[in-house]
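Along the sequence shown, residues are numbered consecutively beginning with 1. Note that ligands are numbered from 1 as they come in the structure, with each ligand's atoms numbered from 1 the same way. This structure is a prediction, so every number in the text was calculated from the model and none was measured.
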Amino acid sequence: MIQERLHNVLDSLTPGCRLVAVSKYHPAEAILACYNEGQRVFGESHEQEIRQKHELLPKDIEWHFIGHLQTNKVKYIAPYIDMVEACDSLKLMKEIEKHAAKNNRVIKVLLELHIAEEESKYGLSLDDCRRLLADGEWRDMQHVSICGLMMMASNTDDEEQIRREFTVAADFFDEVKAEYFADDDNFRERSWGMSSDFKIAMQCRSTMVRVGTYIFGERQY
Ligand SMILES: *Cc1c(COP(=O)(O)O)cnc(C)c1O
């Protein structure tokens, strides 16, 4: 059952690593079951679904938007979203800044990297990420707080490949931290690891694992 699987994950977290319980496509009752066990951070990836759940559920839940976020959807989540985990363009970051400012709040973001071998439209290459940071426009954003990096490893059974990809991300975190965020304590998150690979991710210095299926079971689409 959900409570037991939640505690399995919580008990296996390494010190300094938090759980984002990925509740997309699961009902509000499933979220409440975790909430009642003390879990407060939940990840969703669709604007309408997260809106409905936000309205229905306790207000001290920290909602993370973990999927691809279209710029025209930012305004809907800006009043309450705690973190946008998959920020992969300056355009999206500017839109988050604009709507966070309108709501007089600061929204945390992670820069999404594309390291996996799979084709994906989303995520910054390491060089794109370097360019975005070197460009410096983000420094003027008072309502966006860049808190770290996020990525997904390849969907493969090859554990060594997964480990290599997480290690590339962890090394890149150190590079960026030293170059741009050495004095910024907010930049500290390494969001990697899902149901199939969160144990490997924690060995590769993840500070945030995003686990859905392992806790809630298969998603009902
Ligand atoms: C759905 C999703 C997860 C959770 O995946 P599970 O395999 O169900 O644990 C994690 N991260 C992102 C970005 C997702 O979209």
Side-chain angles (χ1 to χ4, degrees), residues 1-14 17-28 30-31 33-34 39-51 53 61-70 73-74 77 81-89 92 96 108-124 129 147-159 161-163 165-166 169-170 173 189-221:
M1 59 192 223
I2 289 176
Q3 284 90 339
E4 194 176 318
R5 291 192 301 252
L6 171 72
H7 284 291
N8 279 344
V9 177
L10 292 174
D11 290 346
S12 72
L13 293 180
T14 50
C17 188
R18 291 193 296 153
L19 168 67
V20 179
V22 176
S23 47
K24 64 188 184 203
Y25 294 105
H26 293 287
I31 298 177
C34 293
Q39 178 67 22
R40 290 294 179 271
V41 189
F42 293 89
E44 292 278 343
S45 53
H46 296 96
E47 183 272 316
Q48 289 197 357
E49 186 179 355
I50 193 173
R51 184 196 321 182
K53 287 172 173 171
I61 287 179
E62 271 178 45
W63 294 103
H64 285 202
F65 202 92
I66 63 169
H68 176 68
L69 179 58
Q70 292 168 280
K73 299 285 169 63
V74 173
I77 64 170
I81 198 78
D82 182 68
M83 181 182 276
V84 175
E85 290 211 19
C87 183
D88 66 352
S89 71
L92 177 58
I96 296 170
K108 299 173 203 157
V109 306
L110 303 180
L111 300 173
E112 183 189 7
L113 302 175
H114 178 62
I115 292 171
E117 280 172 10
E118 284 143 22
E119 286 296 310
S120 163
K121 288 181 290 191
Y122 306 126
L124 297 155
C129 189
C147 293
L149 305 177
M150 177 271 205
M151 55 82 78
M152 269 182 279
S154 294
N155 182 12
T156 168
D157 292 335
D158 182 348
E159 284 200 11
Q161 182 181 344
I162 292 170
R163 194 179 298 279
E165 293 174 359
F166 287 150
F173 176 92
E189 302 294 357
R190 294 175 290 267
S191 177
W192 40 84
M194 324 198 328
S195 290
S196 57
D197 57 19
F198 71 94
K199 292 194 174 146
I200 305 173
M202 289 190 294
Q203 292 164 1
C204 301
R205 300 168 56 212
S206 174
T207 63
M208 229 185 238
V209 290
R210 308 178 307 269
V211 180
T213 309
Y214 183 91
I215 297 168
F216 296 106
E218 293 297 328
R219 288 181 277 275
Q220 307 293 325
Y221 295 104

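- Summary of contacts: the protein heavy atom closest to atom 1 (C) of ligand 1 is K24 NZ, 1.5 Å.
- Not one N or O of I66 is nearer than 3.5 Å to an N or O of ligand 1, by distance alone.
- Ring planes of W63 and F42: tilted class, angle from 30 to 60°.
- Ligand 1 has R219 within reach: a non-hydrogen atom of the residue lies less than 4.0 Å from it.
- Of the possible polar contacts, one joining the S89 side chain to the L92 backbone as a donor-acceptor pair under 3.5 Å is found.
- Checked by distance only, ligand 1 and S196 stay at 3.5 Å or farther apart across all their nitrogen or oxygen atoms.
- Given atom 10 (C) of ligand 1, the protein heavy atom at minimum distance is M194 SD, 3.4 Å.
- Near V211, meaning under 4.0 Å from one of its heavy atoms, ligand 1 places the atoms 9 (O).
- On a distance-only criterion, T213 and ligand 1 share at least one N/O pair closer than 3.5 Å.
- Protein heavy atom nearest atom 11 (N) of ligand 1, with residue, atom name and distance: R210 NE, 2.9 Å.
- Side-chain atoms of R190 never come within 3.5 Å of backbone atoms of A170 as a donor-acceptor pair (strictly under, hydrogens ignored).
- E49 places a side-chain N or O within donor-acceptor distance of the main-chain N or O of Y25, the cut-off being under 3.5 Å.
- The two residues A116 and A153 have their closest heavy-atom pair at CB-C, 3.9 Å.
- Protein heavy atom closest to atom 9 (O) of ligand 1, with residue, atom name and distance, is S195 OG, 2.5 Å.
- Side chain of K53 to main chain of S23: a donor-acceptor pair is present (N/O by atom type, distance under 3.5 Å, no hydrogens or angles).
- With T156 contributing its side chain and D158 its backbone, the two residues share a donor-acceptor pair below 3.5 Å.
- Atoms of ligand 1 found under 4.0 Å from any heavy atom of M150, numbered from 1 in the order shown, are 13 (C).
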